[in-house]
Enquirer: 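Okay, handing you the structure first.
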There are 2 protein chains.
Amino acid sequence: MPAALDADDLRRIDEIVATRRRVRRRETLFRTGDRFTSLFAIRSGFFKTRVASEDGRDQVTGFQMAGEIIGLDGIVNDEHSCDAVALEDAEVCVMPFQRIEALSREVKALQRHIHQIMSREIVRDHGVMLLLGSMRAEERLAAFLLNLVQRLRARGFSQSEFILRMTREEIGSYMGLTLETISRTMSKFVADGILEIDQRKVRIVDPEALQRILNPPGC
Amino acid sequence: MPAALDADDLRRIDEIVATRRRVRRRETLFRTGDRFTSLFAIRSGFFKTRVASEDGRDQVTGFQMAGEIIGLDGIVNDEHSCDAVALEDAEVCVMPFQRIEALSREVKALQRHIHQIMSREIVRDHGVMLLLGSMRAEERLAAFLLNLVQRLRARGFSQSEFILRMTREEIGSYMGLTLETISRTMSKFVADGILEIDQRKVRIVDPEALQRILNPPGC
DNA sequence: CGTAGGCTTGAGAGGAATCAAGTGCGGTGG
DNA sequence: CCACCGCACTTGATTCCTCTCAAGCCTACG
């Protein structure tokens, strides 16, 4: 909440985020079909969201880290339309949506903030659609890694080294690829001197090369 | 606006949608980078939205028809992040977002409505991500056609026959396929007795078969 | 110390892209 | 009114990227 708020507004917003909930690794914060009551602000930990098609296939729709909001999918039908699974032990703020709506009718900055969060998610999804619809495996992985370090950097982490909280299979599901293709593409990046990988630990040796894969210089 | 509203609220909402704008075929309602000021409610006509990557490729992110809202992408950064192009002569209501926000602070039902529209767009995008990430060409096209007739039916049109307002290339872009693959897959559906096609006119002969392609009965 | 799950790597198959040629409709102008 | 042109579309041949199937490895964990 980066906005200009008076002390009273801040106190009332604090009340909304008063309730906490812990979610252990592999446990779900909510599931498809669960009644929607609250949005969740991630305080610590790492989540994935996934949707399932009727015939059993599923697709990871996003990875969320501390500071991000999860649960927006539930607003439209009063029930969640995806699963949110913790990839490591996590803690979230439970924010009852009724109270968010009530307070955002009074606090303009909060209303604005809510609208921006939802719009940001829509724009992010369009970016993923672009990735899934028109990029090849190397480009998808480059885009994924660059997006990840950028978000981590904004949180004060190293911009070259980080730990993947998700498996190759989960990355593959997010990117519309198989785990083998993720593994092979990562191996290729290592062979090309772009990455160093030790299990889940990734070091980006040559970020410009990743950027070049995404935006070929000849364009 | 399907909500219980008193006469005064209705009058004020009417004021918001008072301004109209006509957009001719192939013209844009807004472009990437345009300053965001308003949402648009489509009164008549058909639009596509598309995002562009830096190296020139682009991706259709959606097709919008009468009754749908367009422009939500612009809220987060006060500028639009996609292009909206009319696929046929169209008319929209211009709804200044400042006024929407102001009025939705006072009219609970309007606030709710806005939140639902944004959430619905997020859920729709997740569905497209599932399609792009895990379906084969036939499944994608079946899903597309079924979605299209369902939306047309909700507007009182035939549930078996309709006119495609977009080219094969635009369908292909939306589905992450080439125009040739769209054409071939449509031809196959015709050969299988599922569709009849005359140029842009499509008749769904066997909707159950389309549904079966999407959900193989053995699952 | 043994095992399971996650990962890597290889070989082969397959689905969609690409490249290419040709068709037909609609619009334009003579 | 008709001929011409361009654009959207169809269809075929070939290529290539990714999937699938398979085997084996490594590491964390019980």
Side-chain angles (χ1 to χ4, degrees), chain A residues 24-26 46 48 56-60 85 87-89 131-145 163-192 194-202 213 216, chain B residues 24-26 46 48 56-60 85 87-89 131-145 163-192 194-202 213 216:
Chain A
R24 273 199 296 270
R25 190 167 130 84
R26 289 166 205 275
F46 212 94
K48 69 172 177 185
R57 280 175 297 191
D58 64 359
Q59 166 89 16
V60 171
V85 184
L87 297 179
E88 57 182 359
D89 293 354
L131 180 146
L132 290 172
S134 71
M135 292 185 182
R136 290 170 319 100
E138 288 185 25
E139 299 173 302
R140 296 186 198 193
L141 190 57
F144 173 74
L145 293 171
I163 306 282
L164 293 173
R165 304 292 165 183
M166 67 294 281
T167 66
R168 307 288 192 264
E169 184 170 22
E170 286 163 336
I171 299 172
S173 172
Y174 183 48
M175 321 254 288
L177 300 168
T178 59
L179 70 99
E180 291 96 331
T181 299
I182 298 297
S183 180
R184 271 187 254 271
T185 307
M186 283 185 159
S187 297
K188 179 174 187 305
F189 284 173
V190 172
D192 293 349
I194 299 173
L195 299 180
E196 285 172 9
I197 299 181
D198 177 23
Q199 297 294 111
R200 298 276 179 98
K201 196 168 85 197
V202 175
I213 288 171
Chain B
R24 273 199 297 269
R25 190 166 130 83
R26 290 166 204 272
F46 212 94
K48 70 172 176 184
R57 279 174 298 190
D58 64 357
Q59 166 89 17
V60 171
V85 184
L87 298 179
E88 58 181 0
D89 292 354
L131 180 145
L132 290 172
S134 71
M135 293 187 184
R136 290 170 319 100
E138 288 186 23
E139 299 174 300
R140 296 186 198 194
L141 191 57
F144 172 74
L145 293 170
I163 307 282
L164 293 174
R165 318 270 50 148
M166 67 294 282
T167 66
R168 307 288 192 264
E169 185 170 22
E170 287 163 335
I171 299 173
S173 173
Y174 184 49
M175 322 257 286
L177 300 168
T178 59
L179 70 99
E180 292 96 330
T181 300
I182 299 297
S183 180
R184 270 187 255 273
T185 308
M186 283 185 159
S187 297
K188 180 175 185 307
F189 285 174
V190 171
D192 293 350
I194 298 172
L195 300 180
E196 285 172 9
I197 299 181
D198 176 24
Q199 298 293 110
R200 298 278 179 96
K201 197 170 83 195
V202 175
I213 287 170

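Note: hydrogens, waters and symmetry copies are ignored here, and every other heavy atom, side chains too, is used. The sequence lines fix the lettering, A, B, ..., with proteins before strands; numbering per chain opens at 1.
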Enquirer: Starting the side chain at C-beta, find the nucleotide from C/dT8, C/dG6, D/dT18 nearest to A/R168.
Expert: C/dT8
Enquirer: In whole angstrom, what separates B/K188's NZ from C/dG15's P?
Expert: 11 Å
Enquirer: Check every atom of D/dT20, C/dA17, D/dT18 against the side chain of B/T181 and return the nucleotide holding the closest atom.
Expert: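 The closest nucleotide is C/dA17.
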Enquirer: Between CZ of A/R184 and OG1 of A/T181, what distance do you get to the nearest 0.5 Å?
Expert: 6.0 Å
Enquirer: What is the distance, to the nearest angstrom, from the CE atom on A/M186 to the P atom on C/dC7?
Expert: 9 Å
Enquirer: Whether A/E88 and A/R25 form a salt bridge (side-chain N of Lys/Arg under 4.0 Å from carboxylate O of Asp/Glu) is what I want to check.
Expert: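 Answer for the salt bridge query: no.
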Enquirer: Counting side-chain heavy atoms from C-beta on, which of D/dT18, D/dT11, C/dA16 comes nearest to B/R136?
Expert: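 Nearest listed nucleotide: C/dA16.
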Enquirer: Check whether the side chain of B/E169 and the base of D/dC7 form a donor-acceptor pair under 3.5 Å.
Expert: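 Looking at the base of D/dC7, it does not pair with any donor or acceptor on the side chain of B/E169 (distance under 3.5 Å).
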Enquirer: If you only use heavy atoms from C-beta on, which nucleotide in D/dT18, C/dA17, C/dT8 is closest to the side chain of B/T178?
Expert: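 Per side-chain heavy atoms of B/T178, the pick is C/dA17.
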Enquirer: Could you tell me whether the phosphate oxygens of D/dC9, OP1 or OP2, come under 4.0 Å of any side-chain nitrogen or oxygen in B/S183?
Expert: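 Indeed not, no polar side-chain atom of B/S183 lies that close.
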Enquirer: In whole Å, I'd like the distance from the CZ atom of B/R165 to the C1' atom of D/dA8.
Expert: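 Atom-to-atom, B/R165 to D/dA8, this comes out as 16 Å.
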Enquirer: Stepwise, does the side chain to side chain contact (heavy atoms under 4.5 Å, CB included) test hold for A/R165 with A/I163?
Expert: CA-CA 6 Å; A/R165 304 292 165 183; A/I163 306 282; 4.0 Å; yes
Enquirer: Taking the nucleotide of DNA chain D with the closest heavy atom to each, which residue, A/L177 or B/I197, is nearer the 5' end?
Expert: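 The answer here is B/I197.
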Enquirer: Indicate yes or no for a side-chain donor-acceptor contact from B/R24 to the backbone of B/D89 under 3.5 Å, with no hydrogens or angles considered.
Expert: no
Enquirer: Does A/G172 reach a base, just sugar-phosphate, or nothing at all? Heavy atoms under 4.0 Å.
Expert: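 Result for A/G172 = nothing.
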Enquirer: What's the CD1-P distance between A/I163 and C/dC7, to the nearest Å?
Expert: 13 Å
Enquirer: Can you measure B/R200 atom CZ to C/dG26 atom P for me and round it to whole angstrom units?
Expert: 11 Å
Enquirer: Taking CE from B/M175 and P from C/dA17, how many angstroms apart are they, rounded to a whole number?
Expert: 11 Å
Enquirer: Among D/dC9, C/dG6, D/dT11, which nucleotide has an atom closest to any side-chain atom of B/T167?
Expert: D/dC9
Enquirer: Need one value for B/L179: base, sugar-phosphate or nothing, where a base atom within 4.0 Å counts as base even if backbone is also close, heavy atoms only.
Expert: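 B/L179: base contact, heavy atoms under 4.0 Å.
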Enquirer: Backbone N or O of A/S183 within a donor-acceptor pair of the A/S187 side chain at under 3.5 Å?
Expert: yes
Enquirer: What is the separation between atom CE on A/M135 and atom C1' on D/dC17, rounded to the nearest whole Å?
Expert: 17 Å
Enquirer: If you round to the nearest 0.5 Å, how far is OG1 of A/T185 from CZ of A/F144?
Expert: 12.5 Å
Enquirer: For C/dT9, does either OP1 or OP2 sit under 4.0 Å from a side-chain N or O belonging to A/R184?
Expert: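 So the side-chain polar atoms of A/R184 never come under 4.0 Å of the phosphate oxygens OP1 or OP2 of C/dT9.
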Enquirer: By nearest atom, which of the nucleotides C/dT8, D/dC19, D/dC21 is closest to the A/E180 side chain?
Expert: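 That would be D/dC21.
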Enquirer: Rounded to whole angstrom units, what separation is found between the CG atom of B/L164 and the P atom of D/dC9?
Expert: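 The distance from CG of B/L164 to P of D/dC9 comes to 9 Å, rounded to the nearest Å.
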Enquirer: When you measure from the side chain of B/A137, which nucleotide among C/dC7, D/dT18, C/dA16 comes out closest?
Expert: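 Of all the options, the side chain of B/A137 is nearest to C/dA16.
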